[in-house]
Each structure stands twice: as structure tokens, then as C-alpha cells.
Amino acid sequence: MERTTIRVYNTMTRQKEEFVPRNDNRVGIYVCGVTPYSHTHLGHARPNVIWDVIKKFLRSQGYETFHVQNFTDVDDKIIARANEEGIPALELSRRFIQEYLDSMDALGVERADLYPKVSEHISDIIAMVEQLIANGHAYEVDGNVFFSVSSFPEYGKLSNQKRDELLEGTRFEVDPSKRDAADFALWKKAKPGEPAWDSPWGPGRPGWHIECSAMSHKYLGCEFDFHGGGSDLVFPHHENEIAQSEAATGETSARYWVHNGMLNLQDTKMSKSLGNFVTVQDLTKRYPKELIRFYLLSTHYRSELEYYEGKLDEMARGWNRLNEAVVNLQSLIGAPSVTCEVSAEDEKVLGRINEIEESIVEALADDFNTAQAIGHLFDLTREINSYSSGSEKISRPVLERAMTVFQEYGINVLGIVREREVQGESLVEPLLDLILEVRQELRMKKEFSLADKLRDRLGELGIVVEDTPHGARWKLEGVNRDAHI
RNA sequence: GGCGGCAUAGCCAAGUGGUAAGGCAGAGCUCUGCAAAAGCUCCAUUCCCCAGUUCGAAUCUGGGUGCCGCCUCCA
């Protein structure tokens with residue numbers, strides 16, 4: 001198939017670059033996951049939803065994707081928290097990993113192909129540390145192993161830091177056993193009461209950073225296409241990862257470094273350590289997943305995004321129009337008054353729909369500009385609403401073309417439009433159709449007070465009845481309406 | 001102290017050299033038995049401030065001001 005040229009902003013070069021996959025068709029993606037010691041919050045949802053869209057867009061462009069996302073399930077905070085609760089560290093992390101996966105499922109995020117865990121890759125990590133020692137990039141001191149920053153001249157190339165300026169103004173105490181203050185731990189000697197694994201340097205556990213180098217290398221190879229994560233990971237995490245990976249293998253690691261902006265609550269970054277977060281579980285109980293995605297994707301992924309109570313309710317008004325347009329389209333496609341003929345006027349509308357679709361693809365291909373793509377979806381909404389409320393004959397091929405675009409981008413790629421609710425074996429749908437049919441007969445007989453009573457009483461039950469030129473239709477009221485009553 | 005980013009209408013927000021997308025809110029109108037939905041029209045001579053480059057700048061350069069992130073665990 002013909003592909004649109006995709007341009008990606010690369011943190012490494014600080015500019016947009018044309019995306020050229022390493023292998024012809026298969027795109028390797030590594031996105032930093034979480035340290036599962038606490039609840040999954042909206043800030044975690046952002047990169048997940050963004051990468052969900054990127055993957056789906058790449059696939060709609062004919063690529064295959066292979067997506068790896070790690071869990072750093074061996075970590076100081078996990079150990080500390082598990083000790084507080086008096087349970088094993090891995091049990092605590094297992095609980096939060098499950099919450100994380102459940103949360104992402106609830107947001108309609110497609111799962112990664114692989115979720116490697118540190119605890120299951122100790123031997124891979126040890127092997128890489130040994131490799132680094134053998135290459136002269138790391139050294140052992142009393143059971144600890146450190147990466148020697150001075151052995152890697154390119155250190156700082158991602159975050160644009162200069163080695164000699166790194167420690168100025170720093171707020172932590174430097175471990176005196178390190179040769180250089182900027183050196184960082186690859187392997188930490190076990191302290192009493194901590195989970196530990198045997199290694200050539202004695203019992204201990206991996207430092208933060210090395211797991212991503214080891215696991216990305218194992219599953220994606222030395223060089224792969226995308227490496228993603230929050231902008232707060234640029235330094236030191238990704239900087240150190242690059243140093244480890246490239247020093248160990250002698251090859252470049254990721255081709256494109258993609259970082260998303262932070263999600264703020266009251267002008268401050270939402271984070272577990274600050275305690276200012278909104279959990280995904282809470283939010284998905286209160287709002288439809290498509291609305292949450294609409295909110296997350298309404299701003300470009302590299303910008304900061306503000307959250308506050310009530311924001312989603314504000315966004316729901318515009319979001320609703322998108323959904324209404326689709327519901328309207330679907331009912332019109334099945335309406336008997338619609339023709340299969342395509343007039344010259346219809347051809348023009350078809351032409352405009354094609355233009356809008358191209359604009360959507362261009363927007364997504366331009367550094368995954370979902371905000372712009374959503375704008376074009378609103379253009380399509382106006383186009384098709386205007387068309388279907390016109391007095392001329394309505395053509396089914398036009399409706400179907402518009403529906404295809406909504407389906408592909410609104411539903412499949414962006415996931416911001418609700419899919420038509422299948423009522424299944426519910427009695428609700430035929431029952432309501434019957435009521436509306438009777439009401440229509442009353443209206444024909446100009447028994448308006450009875451017809452209005454039906455509408456009012458249904459309204460009290462949360463069922464909104466609307467009369468349109470193509471017959472009456474009903475829907476459930478409010479943002480939280482369920483698929484089934 | 002170092003590094004990076006951002007500043008566009010009442011609010012949200014796209015736009016990185018060619019004369020300000022889109023959404024919400026607001027005003028008017030059309031359609032409708034009524035209601036709802038929808039549509040149409042209007043709503044930034046202007047993009048934080050100052051200087052410069054250019055035929056042309058929201059977009060590039062320099063200098064301010066303000067805010068945010070990272071340098072400590074972080075998506």
C-alpha cells in the first residue's frame with residue numbers, strides 16, 4: 001500500500017525527522033513502563049494512550065509493530081512499601097502490575113506484545129553488566145558495580161548535559177566509593193532484609209536503568225526504532241540507558257526517542273511521590289473511556305496537559321457532538337428514505353470527505369498530531385450533519401463513506417468515538433421502538449399532549465427522545481450512559 | 001548554578017516563513033406542532049514584551065518577563 005511519509009520529533013536531535021524503519025516493515029517499539037509500587041494514575045495513561053494510537057496508526061499505514069513495555073518490579077520503593085505492609089516485594093509489585101493492566105484495558109489500550117519484568121531477567125542483566133566490565137565501562141567496588149561515565153565520551157548526548165557540570169547544584173550525597181561522582185550503579189550489593197540474587201559480585205540486585213538496556217536488547221536487538229517514555233525520564237534514565245546499551249554493544253540503540261509531556265494537576269506534575277494523582281480506576285468508573293482518550297488526545301503529546309475536576313465534563317460537550325454524528329449516520333444508513341443513487345452534488349460531498357480523510361492522515365503523520373486530527377474529525381462532523389439535514393435526497397454511499405472515516409480514525413485509531421452499542425438480547429431496544437412507533441401515530445393524529453407525555457416520562461427515565469425528519473430516535477442521557485440499561 | 005520546554009480569543013487548543021484550524025462558552029437566525037438535535041452567520045487586523053533579519057514573522061535571530069519540567073524516585 002501507499003504510505004504517507006511520517007515525521008517524528010526525535011529528542012536526540014531536537015527536530016522532526018522523517019521516519020525510516022530499521023527493517024522494512026516491522027517497527028520495534030520499547031516504551032518505559034512503570035515501577036509498580038503504587039496506583040496507576042492518569043499520568044501513566046497518557047503515554048499508554050499515545051502509544052496505542054501510534055501503533056494503530058502505523059498499522060493502518062501498513063506497518064507491523066512489535067511493542068515491548070517493561071515493569072521495573074525490583075526497586076527501593078517497592079521494597080520499602082512491601083516492608084511496611086509486611087508482604088514480599090514481588091507480591092506487592094504483582095498486585096500493582098495487575099491494577100496497571102486492568103486500568104489500561106479499561107481505557108481501550110491494546111496490550112503490548114511483551115511485558116518483561118526485571119525479576120525474570122536477572123541473568124540477562126548480569127550478562128550485560130559483565131560485558132560492560134569486560135569492555136572497561138564498569139567497575140566493581142565491594143559488591144557494587146558502577147558504570148564509568150568518563151569511559152563513554154558521548155555521555156550527555158540525549159539530555160545535552162555536560163559531564164563536568166552535572167553535579168553542580170545537585171542535592172544528593174555522592175557515594176564515596178564511586179570513582180566519579182556522576183557514575184551510577186549497575187548492580188547494588190544486598191542490604192540485610194532485601195531481596196537479592198546471586199551474582200559474580202555477590203548477592204545483590206540490579207540498579208535502576210540497566211533493566212531497560214538488557215531487556216530492550218534481548219527482545220528488540222541492539223538497534224530498534226522507537227524508544228518512548230515520559231519527558232521526566234530523559235535524564236538520567238534514558239541518558240544512562242544509552243550509555244549502557246551503546247557501551248555494551250558498540251551500536252546505536254534507539255533510532256527515535258519519543259517523549260511525552262507531563263500531565264499536571266494544579267500546575268504541578270502528577271506523580272506518585274507527590275501524592276497528587278487521580279487514579280485511572282476512579283476515572284474510568286466515572287467517565288467513558290472514549291471521553292478520557294478524547295481529553296488525552298486533544299493536546300499534542302509533547303505538550304503539558306492540565307487536569308482538574310470537571311475538565312472531562314467540559315470536554316464532554318464537544319465530544320458528544322462527535323458521537324451524535326456517528327449515531328445519526330448509522331441510523332440514516334438503515335433508513336428507508338435513503339437512496340443508493342449518487343448525484344453530482346453527492347460527488348462533491350464525497351470529494352470533501354476524501355479531503356478530510358487525507359487531512360487526518362497528514363495530521364497523524366506529522367509527529368502524531370492527534371489534536372489536529374480531532375479538529376478534522378469535527379470538520380467531518382459538520383460536513384455530514386449539514387448534508388444529512390439538507391432537504392435533498394440523501395445518498396447511502398455518501399453516508400457510508402463518512403462512516404468509514406469515522407470508523408477508521410474516530411474508532412479504530414484514536415478510539416475517541418463510541419462504538420455502536422450492541423443491545424444484545426435486551427428487550428429495551430424493541431420495546432422503545434414500539435413505544436416510539438405508537439407515539440408517532442399519536443403525533444400523526446395530532447394528539448400532541450399524549451405524545452409529549454410519553455416523551456416527558458421517558459425523559460424522566462433518562463431516555464431522550466428526538467424527532468427528526470427521518471423519524472424519532474432515542475438515546476440514553478448523560479456522559480455516563482451505559483450500553484445496557 | 002546547569003540543561004530542556006512553553007507563553008495564540010473568556011476557556012481549551014492546532015499552526016514552525018506567505019498573511020490566525022478546531023472545540024467549549026457567548027450573540028443572532030433557520031428548521032420544528034412543541035421540545036431536542038442539527039445547520040447558517042458573527043465572535044483574535046492579531047499570536048507575552050522590546051529590538052533585529054526578510055518583499056513578507058505567531059513562526060527565524062538577539063534581549064527581557066512569566067510559568068513548567070529535569071539535574072533525587074518518577075510516565
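Every chain is numbered from 1, with letters handed out A, B, ... down the list of sequences. Every value quoted in this text rests on a predicted model; they were computed, and no experiment measured them.
In this structure, A:Asp367 places its CG atom 12 Å from P of B:A14, rounding to the nearest Å. Separating the CE atom of A:Met262 from the C1' atom of B:C73 is a distance of 13 Å, rounded to the nearest angstrom. If you take CD of A:Glu239 and C1' of B:G2, they are 14 Å apart, rounded to a whole angstrom. Atom CD1 of A:Ile384 is separated from atom C1' of B:A37 by 16 Å (rounded to the nearest Å). Rounding to whole angstrom units, CD of residue A:Glu304 and C1' of B:C68 are separated by 5 Å. Distance CG (A:Asn160) to C1' (B:G69): 15 Å, rounded to an integer number of Å.
For the 3.5 Å distance criterion, the side chains of A:Asp76 and A:Tyr37 fail to qualify, holding no donor opposite an acceptor.
Aromatic ring pairs are classed by plane angle as parallel below 30°, tilted from 30° to 60° and perpendicular above 60°; the pair A:Phe226 and A:Trp51 is perpendicular. Between A:Tyr30 and A:His227, the ring planes are tilted. Angles from 30° to 60° get that label.
Geometric assessment of A:Arg443 against the ring of A:Phe448 yields a negative cation-pi assignment under the 6.0 Å and 45° thresholds.
Within the nucleic acid shown, A:Leu263 comes within 4.0 Å of at least one base atom, counting heavy atoms only. As judged by a 4.0 angstrom heavy-atom cut-off over every strand, A:Asp76 is placed among residues making no nucleic acid contact. At the heavy-atom level, A:Met270 lies under 4.0 Å from base atoms of the strands shown. Backbone-only contact: A:His300 has heavy atoms under 4.0 Å from sugar-phosphate atoms and none from a base.
Proximity of residues 34-46 of chain A to RNA chain B (heavy atom under 4.0 angstrom from any strand atom) is restricted to A:Val34, A:Thr35, A:His41, A:Gly43, A:His44.
A:His67 contributes atom NE2, which lies 9.5 Å from atom CD1 of A:Ile54 (distance to the nearest 0.5 angstrom). Annotation: the span from A:Leu450 atom CG to A:Glu447 atom CD amounts to 5.5 Å, rounded to 0.5 Å. With rounding to the nearest 0.5 angstrom, the CG atom of A:Leu329 is 12.0 Å from the CZ atom of A:Arg401.
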If the sugar-phosphate is the primed atoms plus P, OP1 and OP2 and the base is the rest, what is the B/S/- string for nucleotides 28-35 of chain B, using protein heavy atoms under 4.0 Å?
-----BBB

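With A:His121 as the fixed residue, the ring pair (Phe, Tyr, Trp, His ring centres under 6.0 Å) test singles out one of A:Phe71, A:Tyr219, A:Tyr115: A:Tyr219. Just one residue in the list A:Gln69, A:Glu211, A:His237, A:His259 forms a side chain to side chain contact (heavy atoms under 4.5 Å, CB included) with A:Cys32, and that residue is A:His237. Here the options are A:Thr65, A:Val413, A:Leu364, the test is side chain to side chain contact (heavy atoms under 4.5 Å, CB included), and the partner is A:Leu58; only A:Thr65 passes.
Taking atom C1' in both B:C40 and B:C47, one finds a spacing of 28 Å when rounded to whole Å. Straight-line distance between the P atoms of B:U41 and B:U46: roughly 24 Å, to the nearest whole Å. Taking atom C1' on both nucleotides, B:G15 is separated from B:A44 by 14 Å, rounded to a whole Å. For the P atoms, the distance linking B:G62 with B:A25 amounts to 42 Å, nearest Å.
Taking only side-chain atoms of A:Lys272, from C-beta outward, the nucleotide of B:U16, B:A75, B:A14 with the closest atom is B:A75. Counting only heavy atoms from C-beta on, A:Lys77 has its side chain closest to B:C73 among B:C70, B:C73, B:A37. Of the candidate nucleotides B:A25, B:A36, B:G15, B:A25 has the atom nearest to the side chain of A:Arg317. Listed nucleotides: B:G23, B:C70, B:A36. Nearest to the side chain of A:Lys269: B:C70.
Nearest-nucleotide mapping onto RNA chain B: of A:Arg14 and A:Gly228, the residue sitting toward the 5' end is A:Arg14.
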Please write out the pairs of protein N or O atoms and N or O atoms of nucleotides 38-40 of chain B separated by less than 3.5 Å, giving the distance to one decimal.
residue	atom	partner	partner atom	Å
B:A38	O3'	A:Asn385	ND2	3.1
B:G39	OP1	A:Asn385	ND2	3.4

Apply side chain to side chain donor-acceptor pair (under 3.5 Å) to the pair A:Ser103 and A:Asp105, showing each step before the final yes or no.
CA-CA 5 Å; A:Ser103 296; A:Asp105 288 347; over 6 Å; no

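A:Lys157 has a carboxylate O that lies under 4.0 Å from a charged side-chain N of A:Glu246, or vice versa, which qualifies the two as a salt bridge.
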